[in-house]
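Just so it is clear: chains get the letters A, B, ... in the order the sequence lines come, proteins before strands, and each one is counted from 1. Because the structure is a prediction, the values reported are computed rather than measured.
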Amino acid sequence: MNIPSQLNYWYSKNKRTLPWRNSPTPYNIWLSEMIMQQTRIAQGLPYYLKFKEVFPTVEMLAEAHERDVMQLWQGLGYYRRARNLHHAAKQVVHEMDGRFPGTYKELLQLKGVGPYSAAAIASICYNEPVPVVDGNVFRFLSRLFGIDTPVDTSLGKRIFYEQAAAILDHENPGDFNQAMMEFGALVCTPAQPGCKDCPFSEVCVALRTGAVDQYPVKSKRTKATPLYLNSVVVQTSRGLMLQQRPETGIWAGLYGFPTLETSTKPDQRTLSDFCEQLGLPEPNKEKRIGPFSHQLTHRSIEAHFWVFNEPPARVKDYTWVSNKKEISNFGLPRLFERFVDKYIFGTREKPVPSANE
DNA sequence: TACCCGTGGGA
DNA sequence: TTCCCAAGGGT
């Protein structure tokens with residue numbers, strides 16, 4: 001069986017119409033790849049459309065304020081990507097004469113562009129014959145050839161890269177790479193794959209051995225560790241106090257509240273010390289809202305909010321917002337956004353008391 | 001190399 | 001409820 005021709009045929013019949021496929025310019029493909037990393041199409045698509053609307057060109061993105069880029073990225077997660085996106089746009093405009101790098105190797109110079117994204121851009125935009133190996137390709141190839149080397153190892157990455165290179169369609173690498181990813185996303189899916197109508201069902205090793213659900217093999221499984229957040233919410237006549245989060249760590253660069261972050265549940269003394277450092281009075285039960293649970297890939301968060309109505313004496317680098325419209329200029333993590341939406345600037349002024357809150 | 005970094009949907 | 005995982009890259 002000729003795998004590339006089968007794939008390309010399937011792709012021509014079944015590919016989704018996606019906005020960046022209509023005009024596969026380097027800017028469009030790059031933007032889509034940055035947004036879609038570790039993200040489902042359905043989740044990232046609205047963000048792609050927003051970015052294209054607000055920043056139609058790489059020049060406009062490069063000239064933007066970082067806060068506006070972060071705000072537009074709000075809710076998409078992996079916020080370092082937004083900073084890298086902005087940084088790379090400035091690289092293209094200021095260091096590369098406004099032109100995107102023209103080869104796989106040169107594309108790797110862009111912040112946030114790794115082996116996967118560089119291969120995708122180079123093959124789709126420049127027809128450069130470099131294989132793309134993403135989560136879809138790992139899954140498809142591991143099942144098709146019965147490769148049981150763990151994909152999350154350096155050996156695994158090398159083996160899958162070589163396998164993808166071996167079957168790569170050099171005549172049309174861009175379509176071939178997209179076909180593999182699209183096939184993995186639509187047919188060779190993680191759960192309940194469409195083996196019944198799969199064009200490779202007669203040659204698929206995993207299907208023949210009845211082990212489709214055992215591929216791809218992964219060696220490690222990171223467990224989410226507990227994280228306790230205690231946030232200080234200051235609401236006075238000046239409005240709501242916001243503070244930009246640190247450059248590193250969870251929700252880097254986004255806006256939020258001064259927050260005590262601990263791996264174990266803090267005692268009352270630790271909490272009052274934290275408030276004391278900010279020049280705030282004792283946090284007592286009447287000020288507390290929570291707990292809220294919030295799940296990240298690698299963290300299980302328990303969050304509490306402590307609401308104060310007096311200005312803190314010793315908080316630096318803060319800003320005030322007084323209504324929903326003003327806060328929409330700042331990117332907030334979902335956890336904070338939901339809290340603000342419900343308890344601070346909620347459309348329902350007074351939340352209906354319930355036993356759960 | 002190992003670990004860090006979000007969110008939402010589905011089983 | 002809990003877990004998996006999705007067009008990965010940075011450090």
Side-chain angles (χ1 to χ4, degrees), chain A residues 15-16 18-21 24 28-48 70 73-85 87-88 107-121 123-124 131-140 150-157 160-161 164 174 177-186 188-193 213 215-216 218-225 227 229 245-254 256 293-301 331-338:
Chain A
K15 70 175 170 184
R16 293 167 286 187
L18 299 171
W20 51 89
R21 285 182 177 158
N28 289 351
I29 298 299
W30 166 72
L31 181 61
S32 72
E33 295 300 343
M34 295 305 101
I35 288 174
M36 297 305 164
Q37 282 172 16
Q38 302 287 285
T39 304
R40 287 184 172 81
I41 296 283
Q43 188 184 357
L45 189 54
Y47 288 84
Y48 175 83
M70 299 300 287
W73 198 276
Q74 170 178 319
L76 191 54
Y78 286 133
Y79 298 96
R80 185 67 58 83
R81 287 186 297 169
R83 300 157 78 85
N84 291 342
L85 183 85
H87 186 272
L107 282 161
L108 288 173
Q109 297 169 5
L110 293 179
K111 195 86 168 175
V113 174
Y116 160 75
S117 300
I121 299 167
S123 63
I124 294 170
V132 155
V133 184
D134 72 340
N136 290 312
V137 176
F138 279 130
R139 192 169 55 252
F140 172 58
V151 297
D152 52 352
T153 61
S154 55
L155 175 64
K157 287 182 174 67
F160 281 91
Y161 182 87
N177 284 334
Q178 291 183 88
M180 276 212 298
M181 293 189 282
E182 193 82 339
F183 190 80
L186 297 183
C188 201
T189 52
Q192 300 175 353
D213 60 347
Y215 293 92
K218 296 183 179 180
S219 65
K220 48 177 169 283
R221 194 148 295 143
T222 54
K223 258 186 64 179
T225 56
L227 177 66
L229 302 184
R245 293 183 52 80
E247 299 274 321
T248 59
I250 301 259
W251 303 316
L254 268 71
S293 60
H294 189 76
Q295 191 64 40
L296 305 183
T297 302
H298 59 304
R299 293 283 184 273
S300 294
I301 296 174
L332 267 68
R334 277 287 194 249
L335 174 67
F336 293 163
E337 183 195 15
R338 288 184 178 129

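Going from atom CG of A:L254 over to atom C1' of B:dG6 covers 10 Å, rounded to whole Å. In this structure, A:L76 places its CG atom 17 Å from P of B:dC5, rounding to the nearest Å. Regarding A:L155, its CG atom lies at a distance of 14 Å from the C1' atom of B:dT1, rounded to whole Å. Rounded to whole Å, the distance from CG on A:L296 to P on B:dT7 is 6 Å. Regarding A:Q295, its CD atom lies at a distance of 13 Å from the P atom of B:dG8, rounded to whole Å. Taking atom CG of residue A:D152 and atom C1' of nucleotide C:dC4, one finds them 14 Å apart after rounding to whole Å. Here B:dC5 presents its P atom at 15 Å from CG of A:L335, a figure rounded to the nearest Å. In this structure, A:H298 places its NE2 atom 8 Å from C1' of B:dG6, rounding to the nearest Å.
For the residue pair A:Y79 and A:Q74, no side-chain donor N or O sits within less than 3.5 Å of a side-chain acceptor on the partner. Between the side chains of A:R81 and A:N84, no donor-acceptor pair of N or O atoms lies under 3.5 Å.
Applying the 4.0 Å criterion to OP1 and OP2 of B:dG8, one finds that A:R338 has a side-chain N or O inside that range. Look at A:T248 and you won't find any side-chain N or O under 4.0 angstrom from OP1 or OP2 of B:dC4. Checking the phosphate oxygens (OP1, OP2) of B:dG6, no side-chain nitrogen or oxygen of A:R299 falls inside 4.0 Å.
Sequence order on DNA chain B of the closest nucleotides to A:G77 and A:A191 puts A:G77 first from the 5' end. For the pair A:Q192 and A:H294, nearest-nucleotide mapping onto DNA chain B gives the more 5' position to A:H294.
A:Q178 contributes atom CD, which lies 6.0 Å from atom CD1 of A:I29 (distance to the nearest 0.5 angstrom). From A:Q37, atom CD reaches atom CG of A:L85 across 10.0 Å, with rounding to the nearest 0.5 Å.
Residues satisfying the salt bridge (charged side-chain N to carboxylate O under 4.0 Å, His left out) criterion with A:R83, sequence neighbours excluded, are A:E66, A:E247.
Straight-line distance between the P atoms of B:dC4 and C:dA7: roughly 24 Å, to the nearest whole Å. For C:dT11 and B:dG6, the P atoms lie 14 Å apart once the distance is rounded to whole Å.
Note on A:I250: only backbone sugar-phosphate atoms sit closer than 4.0 angstrom, heavy atoms only; bases stay farther off. A:G44 comes within 4.0 angstrom of nothing in the nucleic acid, heavy atoms only.
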**Report entry** Residues A:Y47, A:W73; criterion ring pair (Phe, Tyr, Trp, His ring centres under 6.0 Å); working and verdict
**Finding:** CA-CA 7 Å; A:Y47 288 84; A:W73 198 276; 7.1 Å; no

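Counting heavy atoms from C-beta outward, A:V133 and A:K157 have side chains that stay 4.5 Å or more apart.
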**Report entry** Contact pattern, 5' to 3', of nucleotides 5-11 of chain C - B, S or - by protein heavy atom under 4.0 Å
**Finding:** BBBBSSS

